[in-house]
There are 2 protein chains.
Amino acid sequence: MKQIYVVGIGLIGGSLALDIKKLDKTVTVYGIDKNEVHLDEAISLGIIDEKAELKAIEKADLVILSIPVDACVNILSNVLDLISDHTLVVDVGSTKEAICEVIKEHPKRRNFLAMHPIAGTEFSGPKAAILGLFQNKTNIICEVEKTAFKLQEKALKLFANIGMRIRYMNPKAHDKHIAYVSHLSHISSFMLGKTVIEKEKNERDIFDMAGSGFASTVRLAKSSPDMWTPIFKQNKDNVIETLEEYIANLTHFKEMIKEDDFLAVFNEMKNTNHIKDILNGIN
Amino acid sequence: MKQIYVVGIGLIGGSLALDIKKLDKTVTVYGIDKNEVHLDEAISLGIIDEKAELKAIEKADLVILSIPVDACVNILSNVLDLISDHTLVVDVGSTKEAICEVIKEHPKRRNFLAMHPIAGTEFSGPKAAILGLFQNKTNIICEVEKTAFKLQEKALKLFANIGMRIRYMNPKAHDKHIAYVSHLSHISSFMLGKTVIEKEKNERDIFDMAGSGFASTVRLAKSSPDMWTPIFKQNKDNVIETLEEYIANLTHFKEMIKEDDFLAVFNEMKNTNHIKDILNGIN
């Protein structure tokens with residue numbers, strides 16, 4: 001793979017570009033982005049070699065779509081129309097059902113691989129890109145059987161080289177599970193931030209009293225609304241379901257406190273403590 | 001201060017002991033704990049020099065009460081009965097109203113300083129103690145005017161030496177604000193953990209799909225129920241209020257998604273993004 005086009009030079013697209021350039025110095029990475037400032041930053045940070053227009057992707061060996069999930073669904077058919085037969089196109093979005101649906105009948109469906117690398121931070125833009133971000137991170141691949149075998153091979157070799165662990169899932173299961181372990185966390189964090197900001201009009205008070213625990217739980221409230229709004233839209237039903245369960249659990253916890261049933265409060269926390277063992281696997 | 005008694009050799013008590021011992025090699029730190037294993041660990045880790053019984057605190061220059069807030073409220077009068085006139089007693093609990101109330105008429109009230117160092121991790125026990133934990137951390141002191149001036153001086157000198165920043169607050173305001181920036185975070189984290197665990201019976205799935213964002217938001221769900229149950233009990237009214245506001249915000253967010261009002265969803269997140277600036281002050 002010598003010609004790589006990254007559409008959307010942000011945290012994920014930029015980090016992939018950095019890893020790819022490090023692996024093979026003969027690769028040329030082209031950046032495509034609506035945001036000219038981001039393109040210039042990406043060049044000066046050594047993330048991309050040159051700016052490009054979308055029509056140039058006919059020459060691409062690999063096209064990475066790392067743009068918000070609504071833009072990705074809108075653009076993918078057009079991208080597949082433009083590429084050559086040997087081009088591999090991947091997306092990196094946090095929802096997989098809509099993207100797989102939109103090109104299921106496309107004549108170049110076999111040039112596309114739907115994936116979701118579980119990696120990132122709360123930051124965005126090219127400055128947020130990190131070399132080695134994907135080391136030991138999970139990459140969820142959906143509908144692998146619908147991608148041409150040679151392009152699968154090409155993709156898997158690249159993912160192995162940048163240190164990703166691969167998991168296969170169908171898009172429906174992906175979107176359901178990810179609502180619990182990612183989308184819900186973002187909403188809980190945003191609403192926690194909102195609740196505290198609303199209450200503490202004098203921000204100096206928050207600043208002084210908040211510790212690392214608060215910082216940890218609201219970290220995701222720094223995330224980009226441009227990226228997250230279309231995710232919640234595309235995964236609406238699953239997100240609503242997780243929110244309803246979360247709200248029910250919070251309401252139940254509040255009722256136990258209200259009724260002075262602190263033995264139940266204790267047990268509730270005790271039973272959740274084994275999240276430790278789960279988290280040990282993540283970090 | 002040469003003789004320090006730490007009642008409860010865990011994360012906070014142990015970390016204070018480590019800092020104090022580092023500052024002054026001539027100090028002897030005595031540990032008092034119901035848990036013999038913790039005492040032995042604390043000795044082998046160099047956190048305390050010797051085990052002691054509570055009655056020995058009559059010889060203490062400083063007594064640190066770092067036990068769950070209910071135990072602290074139960075024991076404090078007895079501790080004040082036992083100490084000498086020159087002894088300073090401090091607590092480190094996450095609630096301040098009950099503790100200040102219980103000894104307000106005690107003849108040795110002036111020997112007590114109520115404080116809350118905003119520092120820690122989700123871990124507990126002597127192994128969780130960290131040298132330098134309080135460096136640049138806020139220590140909230142309540143009702144400072146009720147502590148004897150000489151003992152205030154002694155305390156403030158120590159806190160300055162271990163790097164704490166001091167803030168003064170009345171106990172009522174402390175308990176109200178801390179419910180927002182600490183207690184609510186713990187509940188949101190525990191219930192997030194519960195919601196995901198309930199749904200994902202096969203833990204392997206969570207493990208593979210969860211990333212650092214999930215880990216960050218549920219980190220506090222590892223916290224000790226022994227420590228947190230009495231905090232929620234003592235701060236019941238404030239905790240219920242914060243939970244009601246949090247639940248209302250989550251419910252509103254869910255309704256916006258349900259009604260496909262994604263412009264409102266976007267704005268809600270955008271308006272919360274400035275949590276960045278607040279968090280920059282914490283980390």
Side-chain angles (χ1 to χ4, degrees), chain A residues 118 138 167 177-178 180-182 185 187-196 199 203 205-211 213-222 225 228-229 232-233 236 239-240 243 245-247 249-251 253-254 257-258 262 265-266 269-270 272 275-276 278-279 281-283, chain B residues 118 138 167 177-178 180-182 185 187-196 199 203 205-211 213-222 225 228-229 232-233 236 239-240 243 245-247 249-251 253-254 257-258 262 265-266 269-270 272 275-276 278-279 281-283:
Chain A
I118 311 286
T138 300
R167 294 291 179 271
H177 291 289
I178 207 73
Y180 281 90
V181 295
S182 167
S185 285
I187 297 175
S188 86
S189 207
F190 269 110
M191 290 304 101
L192 193 62
K194 185 189 175 191
T195 305
V196 177
K199 197 67 190 182
E203 287 175 15
D205 279 354
I206 310 179
F207 170 87
D208 278 346
M209 295 189 73
F214 178 69
S216 176
T217 45
V218 299
R219 179 170 71 83
L220 299 179
K222 302 181 203 171
W228 282 94
T229 306
F232 297 145
K233 189 171 178 180
K236 176 179 167 177
V239 166
I240 288 173
L243 267 173
E245 289 169 20
Y246 183 50
I247 291 168
N249 283 329
L250 285 163
T251 305
F253 198 84
K254 188 194 73 181
I257 294 179
K258 234 177 192 165
F262 289 98
V265 166
F266 177 91
M269 291 192 279
K270 193 80 194 162
T272 308
I275 197 88
K276 276 176 204 169
I278 299 169
L279 291 176
I282 302 173
N283 293 322
Chain B
I118 312 287
T138 300
R167 294 291 179 272
H177 291 289
I178 206 73
Y180 282 90
V181 294
S182 166
S185 285
I187 297 175
S188 86
S189 206
F190 269 110
M191 290 304 99
L192 191 62
K194 185 188 174 192
T195 304
V196 178
K199 198 67 190 182
E203 287 176 15
D205 279 354
I206 309 179
F207 169 88
D208 278 346
M209 296 189 72
F214 178 70
S216 177
T217 45
V218 299
R219 178 170 72 83
L220 299 179
K222 303 182 202 171
W228 281 95
T229 305
F232 297 145
K233 190 172 178 179
K236 177 179 167 175
V239 167
I240 288 173
L243 266 173
E245 289 169 19
Y246 183 49
I247 291 168
N249 283 330
L250 286 163
T251 304
F253 197 85
K254 189 193 72 180
I257 294 178
K258 234 177 192 167
F262 289 99
V265 165
F266 178 91
M269 291 192 279
K270 194 80 195 164
T272 307
I275 197 89
K276 278 177 203 167
I278 300 169
L279 291 175
I282 301 172
N283 294 322

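All values reported here derive from a predicted model rather than from experimental measurement. Quick note: numbers below take in every heavy atom, side chains included, and nothing from hydrogens, waters or symmetry partners. Each chain gets a letter, A, B and so on, in the order its sequence line appears, and its residues count up from 1.
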- Task: Please determine, among V265(A), V239(A), I118(A), the option with the most heavy-atom pairs under 4.5 Å with chain B.
- Result: I118(A)
- Distance in Å, Y246(B) OH paired with I247(A) CD1, rounded so as to fall on 0.5 Å steps: 9.0 Å
- Task: Go through the atoms of L220(B) and report whether side chain, backbone, both or neither lie under 4.5 Å from a heavy atom of chain A.
- Result: side chain
- Query: Contact part of S182(B) toward chain A, heavy-atom cut-off under 4.5 Å: side chain, backbone, both or neither?
  - Reply: neither
- Looking only at K258(A), M269(A), K270(A), the option with the highest number of non-hydrogen pairs under 4.5 Å against chain B is M269(A)
- Query: Hey, which of K199(A), K194(A), K254(A) is the one that makes salt bridge (charged side-chain N to carboxylate O under 4.0 Å, His left out) with E245(B)?
  - Reply: K199(A)
- From L192(B) CG over to T217(A) OG1, what is the distance, rounded to the nearest 0.5 angstrom? 10.0 Å
- Contacts of type side-chain contact (heavy atoms from CB on, under 4.5 Å), residue S216(B), not counting sequence neighbours: S216(A), R219(A)
